[in-house]
There are 2 protein chains.
Amino acid sequence: MTNKKKTTIKDIASVLNISAAAVSKALHNDSRISDKTKIAVRQVAKNLNYQPNHLASALRSGKSNLVGVIVPKTNSNFFSSVIENIEQVLNKEGYNIIITQSNESFKKECDSIDTLLFTQVDGIIASMANETTDLVYFKKIKKNGIPLILFDRGENNLNVDYVGIDDYASSSLIVEHLVNQGCKRIAHIGGYKRTRIFNNRIRGYVDALNKFNLPLDKELLIESSLTIEDGRAKMQQLLALKNKPDAVYVAGDYAALGAQQVLLENNIKIPQEIALVGFGNEPFTAMLTPSISSINQHSDEIGKKAAEAFLVHAKNSSFTQTLNKIILNAELIIRDSSNKKNQ
Amino acid sequence: MTNKKKTTIKDIASVLNISAAAVSKALHNDSRISDKTKIAVRQVAKNLNYQPNHLASALRSGKSNLVGVIVPKTNSNFFSSVIENIEQVLNKEGYNIIITQSNESFKKECDSIDTLLFTQVDGIIASMANETTDLVYFKKIKKNGIPLILFDRGENNLNVDYVGIDDYASSSLIVEHLVNQGCKRIAHIGGYKRTRIFNNRIRGYVDALNKFNLPLDKELLIESSLTIEDGRAKMQQLLALKNKPDAVYVAGDYAALGAQQVLLENNIKIPQEIALVGFGNEPFTAMLTPSISSINQHSDEIGKKAAEAFLVHAKNSSFTQTLNKIILNAELIIRDSSNKKNQ
DNA sequence: TATATTTGCTTAAACGTTTAAACAAAGGTA
DNA sequence: TACCTTTGTTTAAACGTTTAAGCAAATATA
């Protein structure tokens, strides 16, 4: 009942009176081992409930078969779906993933990187914390010669692989849609400008306004942490303006939810008085009343592409990490919160 | 620029002209090594950017310092917060965690267990998938002699540690509160009865009705998967009754959100016509209009206690796994959705 | 002074695997 | 017959640590 010793290849070898090396080769289907031996080895392995010691093979081969994944927080559908897809692709190739949450904290992110390096992961796939501006720890990953793949929050000057959607074009899509709905004063509750993706969304917004000959009103462009709470606060700020907007484009769904609550509490009709568009296509956007239009970020594709990008490096050990952007087209899902024609 | 060989203790040893063993001991602050040598070793280690090889020490010591965590899905605040707290406690003790999501699928859960066993984790902390009724894979963990700690969805007959809240008493708290609000027909949209925690909530509900001399109407007791979508469906089912309820207690916040949407769409006043209570205290419950009353499951405490329970086993290697339930008192957070006095 | 203890290190084996090199036996080729 | 190839295996070293055992030198004890 107590800790019986684990079965090793030596145990199998001694049962069959062959060498441990032969067992190892038989289990790896080496062409120089006879079918007879292979079958016998597999049978004994099964009988003794043999489980290969991953640590020993990892030590010998210099590969841990572990990939680290760092996300700001797993509690959104976007990140949990990305992770799920990374896991799916990598498990098939014999890799396991270690997930860590940075909680949007720079310090926690640095700790996570140290931990993952210590654990000898074969690669790191990461989306950066909101706070992060100093890239020294990500450079440390590169210095260690470990493949680094960034996604979503990660576009930068590190010259590594990046997988994400076209944020600039997404903003354009949204503004165009709102203009088509007859909106003239379109506000943007954006993320922090220092984060590249949010900056791209802001640039896309500004350039699109320009394209449609709408003036840029600085009061209508606000930076936010994009939490529900901050979405509420920034919406209240917009409602306090003398000249209110007739549409609000929020760079995150949670903040859009907060904004919507404030609008509803103030009995403002959505989309007639103020139209609302979010970003991320979290499942709840479809379930709210009114449902919120949003940008589908293709979390499944992002996860798969990121995992595949890692595998490319893992297979060519002589890799040199260079800038390699994989940009997916995003898709605007139009729902009730911005669809006047449907009302 | 390319993969320079990693520094090992041998490199440090040869620089100082001492043995590798001395270096190892110096780094572990062995009392039999002189301060002079310790200081020199640490200095050289730093200069050469030495990173201990976790795989080698794990192989030698038979411990991987990895703990597997299996959750149904990370995308709720409850699970991501439990994970965060587990990580915090375990990192301090030198452990890293590997998180896997079962996606509520029995098969995926089994795969996760196999993967974690293969990775030689030192322990597994898990919350079971909705689908799981067959415990054969969890028994496999026990058979492997690896500590198993269950939390939230995991109460069962496996005779292992369990950390969770008092679901039975929570139901009682809710029913009592609703009775105090003057409700007489209290419905319960519960989870699947086969899952112990949901069964406990159902029993608590039934017994509490009895205690307050309210009749049990089978039409008002419904099993659900507790997703937003199913919460909507089950609420619609309740509204279709000739004799509608005047309160609904939903065993999960996401389903409660779905239920609330249906109520709002039907212009039913909350809580005056129908009062609503959820379960889990997801942050969004406080942000909705009306805010939803809910049960605080103390995710932080659950995470910490689960990690501590693992550490107890890890420190006494001669452990025998027995039933050890840690049940936390839950707390009812009363908000607008069930507070008539406030309206 | 002789003996015991402490200090500070070294040696060597071990953890469980993988793999290059060696080699015997069997079969093929000229 | 003499040599080459293929087949199927063994031997031994290696991956980077940890740790029990050993030992010489310094210090303490009587």
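Order of the sequence lines fixes the chain letters, A, B, ..., with proteins taken first and strands second; residue numbering starts at 1 for each chain.
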Output every pair passing salt bridge (charged side-chain N to carboxylate O under 4.0 Å, His left out) with a member in residues 57-74 of chain A, not counting sequence neighbours, ordered by first then second residue. Lys73(A)-Glu84(B)
With no hydrogens and no angle check, is any side-chain donor or acceptor of [X] less than 3.5 Å from a backbone partner on [Y]?
| X | Y | result |
| --- | --- | --- |
| Glu109(A) | Ala129(A) | yes |
| Arg153(A) | Arg196(A) | no |
| Thr8(B) | Lys10(B) | yes |

When rounded to the nearest 0.5 Å, the distance separating CD1 of Ile149(B) from CD1 of Ile141(B) is 10.5 Å
Just how far, in rounded Å, is [atom2] of [N] from [atom1] of [X]?
| X | N | atom1 | atom2 | answer |
| --- | --- | --- | --- | --- |
| Lys63(B) | dG16(C) | NZ | P | 16 Å |
| Asn17(B) | dC9(C) | CG | C1' | 13 Å |
| Ile33(B) | dG8(C) | CD1 | P | 9 Å |
| Asn29(B) | dG8(C) | CG | C1' | 14 Å |
| Leu55(A) | dG16(D) | CG | P | 15 Å |
| Asp35(B) | dG8(C) | CG | P | 8 Å |
| Lys38(A) | dT7(D) | NZ | P | 12 Å |
| Leu16(A) | dT9(D) | CG | P | 11 Å |

Results of side-chain hydrogen bond (donor to acceptor under 3.5 Å, both in side chains) for Lys38(A) - residues two or more places apart only: Asn29(A)
Would you indicate what Ile18(B) reaches in the nucleic acid, counting non-hydrogen atoms under 4.0 angstrom: base, sugar-phosphate, or nothing? sugar-phosphate
Would you indicate what Ser19(A) reaches in the nucleic acid, counting non-hydrogen atoms under 4.0 angstrom: base, sugar-phosphate, or nothing? base
For Ser31(A) and dT7(D), is the shortest distance between a side-chain N/O and OP1 or OP2 below 4.0 Å? no
Protein-to-nucleotide contact annotation, 5' to 3' order, nucleotides 17-29 of chain D [B base; S sugar-phosphate only; - none; under 4.0 Å, heavy atom]: BBBBB--------
Please list, chain by chain and in numerical order, all residues satisfying salt bridge (charged side-chain N to carboxylate O under 4.0 Å, His left out) with Lys108(B), sequence neighbours excluded. Glu87(A)
ring-ring contact (aromatic ring centres under 6.0 Å, His included) with Phe106(A): which residues, sequence neighbours excluded? none
For the helix from dT1(C)-dA30(D) to dA30(C)-dT1(D), what is the angle between the axes at its two ends, each from 5 pairs, rounded to 10°? 50°
Is it true that Asp300(A) and Lys304(A) make a salt bridge, defined as a side-chain N closer than 4.0 Å to a carboxylate O? no
